[in-house]
Colleague: 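Structure provided below as structure tokens; questions to follow.
The model shown is predicted, which means the values in this text are computed figures rather than measured ones.
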Amino acid sequence: MKPQFYLVPRDIRSSHVSRHHTLPNFGTVWHYHPELELHYIVRGEGVRFVGDNVSNFNAGELLLLGENLPHMWRCNEEYFRQDPTISAEAVVVQFLPDFVGNDFLKKSEADAILSLYDKAKAGLIITGHTREALIPLMLKSAKTTGLNRMILILTMLETLSRSEELYPISTKDALYQPNKEETDRLNKVYNYTLTHYKKDLTLEEIASVANLSVTSFCRYFKMVTKKTFHDFLIEIRISHAQRLLVEDSSVTTEAVCFECGFNNRSNFFGHFKRITGFTPVEFKRRCHP
């Protein structure tokens, strides 16, 4: 089965993102992305697919996934029964290999990190003292932004590069090699959407970015991402709404609604509940009890 290209929801000016999210489940999409990913399961269990490996996962598991390594966390059936008492929770840190710049990776000081990146192509289970050291750093990174988050990610990478408590999951042969033209076109769409998601983006406008007709663009985008562009735009807006609610306990849900490009509260509340499993008010209370 061919994995889907996943557009990591991050600010256009940023090369990294950190999220602490609670969802009904982790979805069912077998996907890949150019960002490396640290993934800590706070709550949840099921079967995970990483490259050519299939294994059970449970709360407490911490992994490092390399760039373009296909993966999916498929929760057990009870997580798909719309039971409000059951939810999955994870902390995810995603960053491009050159998130601090290409020049940094060319320096001798970065040799250990480049070696870590190579090992991560197979996916790595993080155990022992290394795991215990990384978890608080990941939790902290989800609550900060900018340079502070970048420093935390570098600290995580430095810790991982010295560790002997990392164990491969898959084989490097499982790394997906995406079509460059496909990736470039999707990145143009992605970057344009991240820049203009607050406005009413028309299909004509976004199709021109992809240099396609509207009909061809809709067919192409659905084929590659398995979702419509409208659904993707809504997901981007909700992702930013979650970030605003996490970062500022004083912000109102109404302010977040209009800041993220929604025209009315009922529309915002409906999409937020559908995607996250919680209303904006419930989500805010969970973040700031």
Colleague: Would the distance check show the side chain of S163 and the main-chain N or O of T159 forming a donor-acceptor pair, the cut-off being under 3.5 Å?
Modeller: no
Colleague: Within the side chain of D98, is there an N or O that forms a donor-acceptor pair under 3.5 Å with the backbone of G101?
Modeller: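 It does not hold such a pair.
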Colleague: With a cut-off of under 6.0 Å to the ring centre and 45° to the axis, is R131 in cation-pi contact with Y40?
Modeller: no
Colleague: Would you say that more than 12 heavy atoms from the other residues, nucleotides or ligands in this model lie under 6.0 Å from the CG of N211, or not?
Modeller: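 Counting other residues, nucleotides and ligands, CG of N211 stays at 12 neighbours or fewer.
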Colleague: Would a distance-only check, ignoring hydrogens and angles, find a side-chain to backbone donor-acceptor pair under 3.5 Å from E61 to N58?
Modeller: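 Checking the backbone N and O of N58 against the side chain of E61, no donor-acceptor pair under 3.5 Å is found.
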Colleague: Answer yes or no: is there a donor N or O on one side and an acceptor on the other, between the side chain of S141 and the main chain of M138, under 3.5 Å?
Modeller: yes
Colleague: Quick check: closest heavy atoms across S161 and I113, and the distance to 0.1 Å?
Modeller: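 So the minimum-distance heavy-atom pair works out to CB-N, 4.4 Å.
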Colleague: Step by step, would you call V93 with H39 a side-chain contact (heavy atoms from CB on, under 4.5 Å)?
Modeller: CA-CA 7 Å; V93 180; H39 199 112; over 6 Å; no
Colleague: How would you list, by chain and number, every residue that makes a side chain to side chain contact (heavy atoms under 4.5 Å, CB included) with E254, sequence neighbours excluded?
Modeller: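 If we apply the side chain to side chain contact (heavy atoms under 4.5 Å, CB included) test to E254, skipping adjacent residues, the hits are T252, F258, R265.
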Colleague: Ignoring hydrogens and angles, tell me if any N or O in the side chain of E165 forms a donor-acceptor pair with the backbone of T130 under 3.5 Å.
Modeller: yes
Colleague: Same cluster or not: L244 versus I275, using hydrophobic residues (I, L, V, M, F, W, Y) connected whenever any side-chain heavy atoms lie under 4.5 Å apart?
Modeller: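 Yes, it is one cluster - the side chains of L244 and I275 are joined through contacts under 4.5 Å.
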Colleague: Please identify each residue that fulfils side chain to side chain contact (heavy atoms under 4.5 Å, CB included) with Q82, with sequence neighbours left out.
Modeller: none
Colleague: Nearest 0.5 Å, please: how far is CG in L36 from NZ in K121?
Modeller: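 Reported to 0.5 Å precision, the distance equals 10.0 Å.
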Colleague: List the steps, then state whether salt bridge (Lys or Arg N to Asp or Glu O under 4.0 Å) holds for R162 with E158.
Modeller: CA-CA 7 Å; R162 293 186 289 103; E158 197 274 335; 2.6 Å; yes
Colleague: One thing to verify: whether E77 and R74 come together as a salt bridge, which I'm taking to mean a side-chain N less than 4.0 angstrom from a carboxylate O.
Modeller: yes
Colleague: Applying ring-ring contact (aromatic ring centres under 6.0 Å, His included), run through W30 and H71 and close with a yes or a no.
Modeller: CA-CA 6 Å; W30 172 241; H71 55 278; 7.8 Å; no
Colleague: Quick one: do I41 and L69 end up in the same hydrophobic cluster if we chain Ile, Leu, Val, Met, Phe, Trp and Tyr together by side-chain heavy atoms under 4.5 Å apart?
Modeller: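 Yes; L69 is reachable from I41 via cluster members.
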Colleague: Any chance you could measure L64, atom CG, to K119, atom NZ, to the nearest 0.5 Å?
Modeller: 11.0 Å
Colleague: Do T22 and F278 have side-chain heavy atoms sitting under 4.5 Å apart?
Modeller: yes
Colleague: For residues F26 and V92: do they belong to one hydrophobic cluster (side chain heavy atoms under 4.5 Å, members Ile, Leu, Val, Met, Phe, Trp, Tyr)?
Modeller: no
Colleague: Using 0.5 Å steps for rounding, measure from the CG atom of L134 to the CG atom of L152.
Modeller: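 Spacing of CG (L134) from CG (L152) equals 10.5 Å.
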Colleague: Got a sec, which pairs hit salt bridge (Lys or Arg N to Asp or Glu O under 4.0 Å) with one end in residues 192-205, sequence neighbours left out?
Modeller: K198-E259, K199-E205
Colleague: For D83, what residues pass the side chain to side chain contact (heavy atoms under 4.5 Å, CB included) criterion, not counting sequence neighbours?
Modeller: T85, I86
Colleague: Please test K227 against E235 for salt bridge (Lys or Arg N to Asp or Glu O under 4.0 Å), starting from the C-alpha separation and ending with a verdict.
Modeller: CA-CA 11 Å; K227 66 184 70 172; E235 289 178 5; 2.8 Å; yes
Colleague: Could you tell me which residues satisfy ring pair (Phe, Tyr, Trp, His ring centres under 6.0 Å) with F95, sequence neighbours excluded, listed by chain and number?
Modeller: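 Here the qualifying residues are F99.
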Colleague: In Å, rounded to the nearest 0.5 Å, how long is the span from NE2 of H16 to OG1 of T145?
Modeller: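 Answer for the NE2-OG1 pair, H16 versus T145, is 9.0 Å.
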Colleague: Does the plane of the ring in F283 sit parallel, tilted or perpendicular to the ring in F272? Use 30° and 60° as the thresholds.
Modeller: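 If you compare the ring of F283 with that of F272, the planes turn out perpendicular.
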Colleague: Quick one: do the Y117 and E67 side chains pair a donor with an acceptor below 3.5 Å?
Modeller: no
Colleague: Rounded to the nearest 0.5 Å, how far does CG of L245 lie from CZ of R285?
Modeller: 12.5 Å
Colleague: Identify the two heavy atoms, one from A241 and one from F268, that lie closest to each other, and give their separation to 0.1 Å.
Modeller: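 Of all heavy-atom pairs spanning A241 and F268, the closest is CB-CE1, 3.8 Å.
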Colleague: Got a second to check how far I126's CD1 is from E132's CD, nearest 0.5 Å?
Modeller: 11.5 Å
Colleague: Distance only, no hydrogens: is a donor on one side chain within 3.5 Å (strictly under) of an acceptor on the other, for D111 and S108?
Modeller: no
Colleague: Between the side chain of R149 and the main-chain N/O of T144, is any donor-acceptor distance below 3.5 Å?
Modeller: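 The answer is yes, because a donor-acceptor pair under 3.5 Å joins these two groups.
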Colleague: Which residues pass the ring pair (Phe, Tyr, Trp, His ring centres under 6.0 Å) test with F229, not counting sequence neighbours?
Modeller: F217, F221
Colleague: Donor-acceptor pair, distance only, cut-off 3.5 Å: does the side chain of N25 make one with the backbone of G27?
Modeller: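 Pair found, side chain donor or acceptor close to backbone of G27.
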Colleague: Report yes or no: does H31 contribute a side-chain atom to a donor-acceptor pair with the main-chain N or O of V29 at less than 3.5 Å?
Modeller: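 Looks like yes, one N/O pair under 3.5 Å.
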